[in-house]
There are 2 protein chains.
Amino acid sequence: MSQRKSVTMKDVAREAGVALSTVSHFLNQSAPLSEETRQKIKKAIEKLNYRPNLTARNLKKRKTNTIGVFVPDIANPFYAEIYKGVADAAREKKYNVILYATSYQKDREYDFVRLVTQWQVDGVIVSYSLIDENLWSKLERADIPLVLVDVYPVNNRWPSVVVDSETGIQLAVQYLFNLGHREIAYLSEPPYILPLVKRQQAFIDSIKHLKLPLNKEWILVEKKQANRVEIGYALGKKLLSGKNLPTAVVTSSDLVAIGAMKAFLESGLKIPDDMSIVGFDDIIFSSYVHPSLTTIRQPKYEMSKKGTEFLLQLIERRESFALQDKLHRIKPVLVERLSCSAPRKR
Amino acid sequence: MSQRKSVTMKDVAREAGVALSTVSHFLNQSAPLSEETRQKIKKAIEKLNYRPNLTARNLKKRKTNTIGVFVPDIANPFYAEIYKGVADAAREKKYNVILYATSYQKDREYDFVRLVTQWQVDGVIVSYSLIDENLWSKLERADIPLVLVDVYPVNNRWPSVVVDSETGIQLAVQYLFNLGHREIAYLSEPPYILPLVKRQQAFIDSIKHLKLPLNKEWILVEKKQANRVEIGYALGKKLLSGKNLPTAVVTSSDLVAIGAMKAFLESGLKIPDDMSIVGFDDIIFSSYVHPSLTTIRQPKYEMSKKGTEFLLQLIERRESFALQDKLHRIKPVLVERLSCSAPRKR
DNA sequence: CTGAAAGCGCTAACAC
DNA sequence: GTGTTAGCGCTTTCAG
């Protein structure tokens with residue numbers, strides 16, 4: 001094979017003239033040592049350029065101190081935030097994190113499951129709705145600590161941290177209503193995860209609840225997976241091509257909103273004067289587009305951080321949790337920026 | 001400890017009534033087996049829900065089949081692209097990748113070095129300029145396969161894939177010049193990596209070369225680390241507060257450009273009519289801001305993919321490489337979009 | 001406080 | 001084809 005020869009604890013022990021276990025104790029501070037031995041060992045380590053082998057340690061301890069995160073696409077700022085929450089929580093407890101991103105490619109889901117089931121990680125955060133039922137059951141059999149973030153409980157098996165999508169959409173619609181809008185459209189990426197389904201339904205419910213017109217042409221839901229911004233752009237154009245134009249738009253995510261804004265601006269509409277728009281997520285870019293985007297803020301970072309802290313508890317205590325603890329619903333808030341105003345008379 | 005009891009190859013062998021090594025051969029396809037034994041083993045694995053322990057395998061083979069990627073900030077789309085290139089190249093060769101992002105926090109750099117030096121990864125892609133000289137030397141001592149991406153060779157020690165920043169900036173300045181601009185500013189994030197230093201110098205050189213006025217007030221370089229877009233926004237405002245306004249701006253990165261655009265638009269300037277702007281990088285968002293951003297495209301994905309392929313060769317062949325192979329310079333191209341036009345008479 | 005010894009689960013000769 | 005065996009580098013009793 002191709003490996004370099006490596007310096008082991010044994011070498012260090014020999015060099016320092018102590019027993020192997022003493023070196024181990026030194027490294028793990030698992031026993032008090034005399035200052036003299038400490039120095040000898042320190043010197044030996046330095047001299048030999050010894051570096052402990054984590055793999056061996058992991059094998060022995062049957063623990064890797066690593067958790068996995070599973071997301072569809074890391075270039076999506078939403079998931080980048082999720083990742084950060086996980087990474088920060090993990091770091092606090094001295095865990096490493098290994099990221100899996102599928103780019104929405106199905107075969108990659110299997111790779112992830114393989115990783116998880118081969119003792120490479122102590123637990124896993126899933127922010128991805130595995131399409132394949134089969135994969136969920138494999139994860140179930142593996143019986144590995146798992147927490148879902150932004151994914152509703154599957155099989156009532158794993159704890160889950162989600163944002164309350166219904167409240168979010170209600171917030172958006174009510175906000176537009178209060179501004180005077182009566183004709184509101186909804187643009188959505190493919191509802192491949194439950195929150196997206198719920199948002200769509202919540203939109204319809206909210207419109208009905210306010211007794212506003214429910215125009216089928218104004219509920220545009222993309223079917224094909226693609227870049228979120230491109231989807232928004234396409235949906236925006238589609239909306240513009242209809243005979244009746246609404247005065248405001250609610251979207252399933254900020255990326256879709258940003259794409260739609262581009263379509264509107266290109267066509268010469270002014271935002272917010274001719275068209276108000278509200279997003280969902282509050283990714284970092286939403287405050288930097290022009291005009292800045294009013295949106296429903298999902299506390300992604302906090303969600304994934306909290307979920308991860310929970311996961312680490314599961315790992316370290318192997319504790320079972322009460323059913324009522326399984327679903328954590330976080331309330332979203334509306335972040336008011338410059339993409340909405342009262343409708344202009346047309 | 002907290003681990004679940006685990007089913008091992010030994011259990012499978014017993015259950016199937018064959019020798020342990022036979023199971024190993026089955027798993028690794030390292031020897032041809034009779035159909036009968038294969039079936040027996042398969043059944044036993046299924047029955048016991050056996051899952052191979054990668055940690056043990058790694059220890060034995062002294063190889064983890066994992067590479068590390070080191071970046072400052074994964075929420076920055078530029079680095080998300082870098083990550084994708086690495087992930088795809090790794091996947092092709094059945095390697096896992098583990099991501100380290102520091103969020104520009106110095107103490108996290110040490111975590112990364114620790115990971116690398118503890119045999120957790122077979123090699124590493126670094127797209128980050130470690131500030132601490134000391135860390136570089138630790139990596140050097142560890143003697144682990146390492147390839148730099150978007151970082152110039154350090155100590156002439158590691159191979160490196162970089163974009164030709166000078167050419168990029170020349171392209172930008174020449175393009176603006178050809179449009180008729182004579183008063184051009186340069187906005188830059190902190191030049192914490194060599195390419196940024198080179199871009200700044202290349203800007204000055206280009207201006208001189210074209211015999212244009214070199215106004216100190218028009219070369220705005222931020223000192224403090226911060227979100228790139230916020231930096232751009234702040235620099236944009238600063239530029240606006242000066243007494244003379246240029247007609248065009250070149251920036252060190254798209255994120256800075258996007259921030260600056262926001263500042264310009266807010267102040268009522270029209271882009272490109274009142275101010276032309278060109279970015280550097282071509283991140284995905286640049287085509288979705290309004291107006292879409294003309295920029296110098298860095299083939300980030302290709303760079304990191306290529307770098308990773310190179311790394312994997314180093315790992316698998318432990319080959320040394322000729323000096324002239326160490327630096328791969330990729331030529332950038334100008335992507336023309338809608339943020340530039342001829343200057344308006346003022 | 002120090003040292004000897006028994007594995008963690010797997011691979012890879014090497015015999016049979 | 002199949003089985004035996006010696007470790008990979010480390011942790012962790014348990015004696016001294």
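The residues R38(A) and E35(A) are annotated as salt-bridged, a charged nitrogen and a carboxylate oxygen being separated by less than 4.0 angstrom. A salt bridge links R14(A) with D11(A); the closest basic N to acidic carboxylate O contact falls under 4.0 Å. Residues D143(B) and R157(B) are paired through a salt bridge, judged by an N-O separation under 4.0 Å between the basic side chain and the carboxylate. At a threshold of 4.0 Å, the pair R91(A)-D107(B) counts as salt-bridged, since one of the basic side-chain nitrogens sits closer than that to a carboxylate oxygen. Note on R114(B) versus D111(B): salt bridge recorded, some NZ/NE/NH1/NH2 to OD/OE distance being below 4.0 Å.
For K61(A) and dA6(C), the NZ to P distance is 22 Å, given to the nearest whole Å. The nearest whole Å value for the distance from the CG atom in N65(B) to the P atom in dT11(C) is 12 Å. Straight-line distance from the CG atom of L27(B) to the P atom of dA12(C): 12 Å, rounded to whole Å. One can place CG of N53(B) at 13 Å from C1' of dT11(C), the figure rounded to the nearest angstrom. Straight-line distance from the CD atom of Q29(B) to the P atom of dA12(C): 14 Å, rounded to whole Å. The nearest whole Å value for the distance from the NZ atom in K63(A) to the P atom in dC10(D) is 19 Å. Atom pair N58(B):CG and dC8(D):C1' shows a separation of 11 Å (rounding to whole Å applied). The interatomic distance linking L54(B) (CG) with dC8(C) (P) rounds to 19 Å, in whole Å.
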>> Evaluate Y301(B) against D88(B) for side chain to side chain contact (heavy atoms under 4.5 Å, CB included), listing each step before the verdict.
In response: CA-CA 9 Å; Y301(B) 178 86; D88(B) 286 354; 2.5 Å; yes
> Going through the checks in order, is the side chain to side chain contact (heavy atoms under 4.5 Å, CB included) test met by E302(B) and I330(B)?
Replying inline: CA-CA 9 Å; E302(B) 292 78 2; I330(B) 312 272; over 6 Å; no
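At a cut-off of 3.5 Å, with distance as the only test, a side-chain donor of R57(A) or N28(A) sits close to an acceptor on the other residue.
Of the candidate nucleotides dC1(C), dT2(D), dG9(C), dG9(C) has the atom nearest to the side chain of S6(B). Among the nucleotides dA12(C), dC10(C), dC8(C), the one closest to any side-chain atom of M9(B) is dC10(C).
Regarding contacts with the backbone of dC8(D), every side-chain N or O of R62(B) stays at 4.0 angstrom or more from both OP1 and OP2. Within the structure, a side-chain polar atom (N or O) of S24(B) is placed less than 4.0 Å from OP1 or OP2 of dT11(C). The phosphate of dG9(D) has neither OP1 nor OP2 within less than 4.0 Å of any side-chain N or O from T55(B).
Rounding to the nearest 0.5 Å gives a distance of 10.0 Å between CZ of F112(B) and CD1 of I98(B). Between E92(B) atom CD and E309(B) atom CD the span is 6.0 Å, to the nearest 0.5 Å.
At a threshold of 4.0 angstrom between heavy atoms, the contacts of T8(B) are confined to the sugar-phosphate backbone, with no base atom among them. T37(A) comes within contact range of the sugar-phosphate backbone alone, with a heavy-atom separation under 4.0 Å but no base atom that close. L59(A) comes within contact range of at least one nucleobase, with a heavy-atom separation under 4.0 Å. Among the heavy atoms of the strands lying under 4.0 Å from N28(A) are primed sugar atoms or P, OP1, OP2 only; no base atom is included. Counting any heavy atom pair closer than 4.0 Å across all strands shown, Y50(B) reaches sugar-phosphate atoms only and no base atom.
The two residues V149(A) and G307(A) make their nearest non-hydrogen contact at CG2-CA, 4.5 Å. Between A31(B) and H25(B) the shortest heavy-atom distance is CB-CG, 3.7 Å.
Checking A56(B) against L33(B), the closest nucleotide of DNA chain D that is more toward the 5' end is the one next to L33(B).
For K10(A) against dG9(D), no side-chain N or O and base N or O form a donor-acceptor pair under 3.5 Å. The base of dG9(C) does not come close enough to the side chain of K60(B) for any donor and acceptor atom to sit less than 3.5 Å apart.
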Would you tabulate the pairs of protein nitrogen or oxygen atoms and nucleotide nitrogen or oxygen atoms of nucleotides 3-5 of chain D closer than 3.5 angstrom?
{"from": "dG3(D)", "atom 1": "OP2", "to": "A19(B)", "atom 2": "N", "distance (Å)": "2.6"}
{"from": "dG3(D)", "atom 1": "OP2", "to": "T22(B)", "atom 2": "OG1", "distance (Å)": "3.4"}
{"from": "dG3(D)", "atom 1": "N7", "to": "S21(B)", "atom 2": "OG", "distance (Å)": "2.7"}
{"from": "dT4(D)", "atom 1": "O4", "to": "S21(B)", "atom 2": "OG", "distance (Å)": "3.3"}

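Classified by interplanar angle (parallel below 30°, tilted 30° to 60°, perpendicular above 60°), the ring pair F70(B)/Y100(B) is tilted.
For the contact set between residues 38-47 of chain B and DNA chain C, defined by any heavy atom under 4.0 Å, there are no members.
Rounded to 10 degrees, the angle separating the terminal helix axes of the helix from dC1(C)-dG16(D) to dC16(C)-dG1(D), each built from five base pairs, is 40°.
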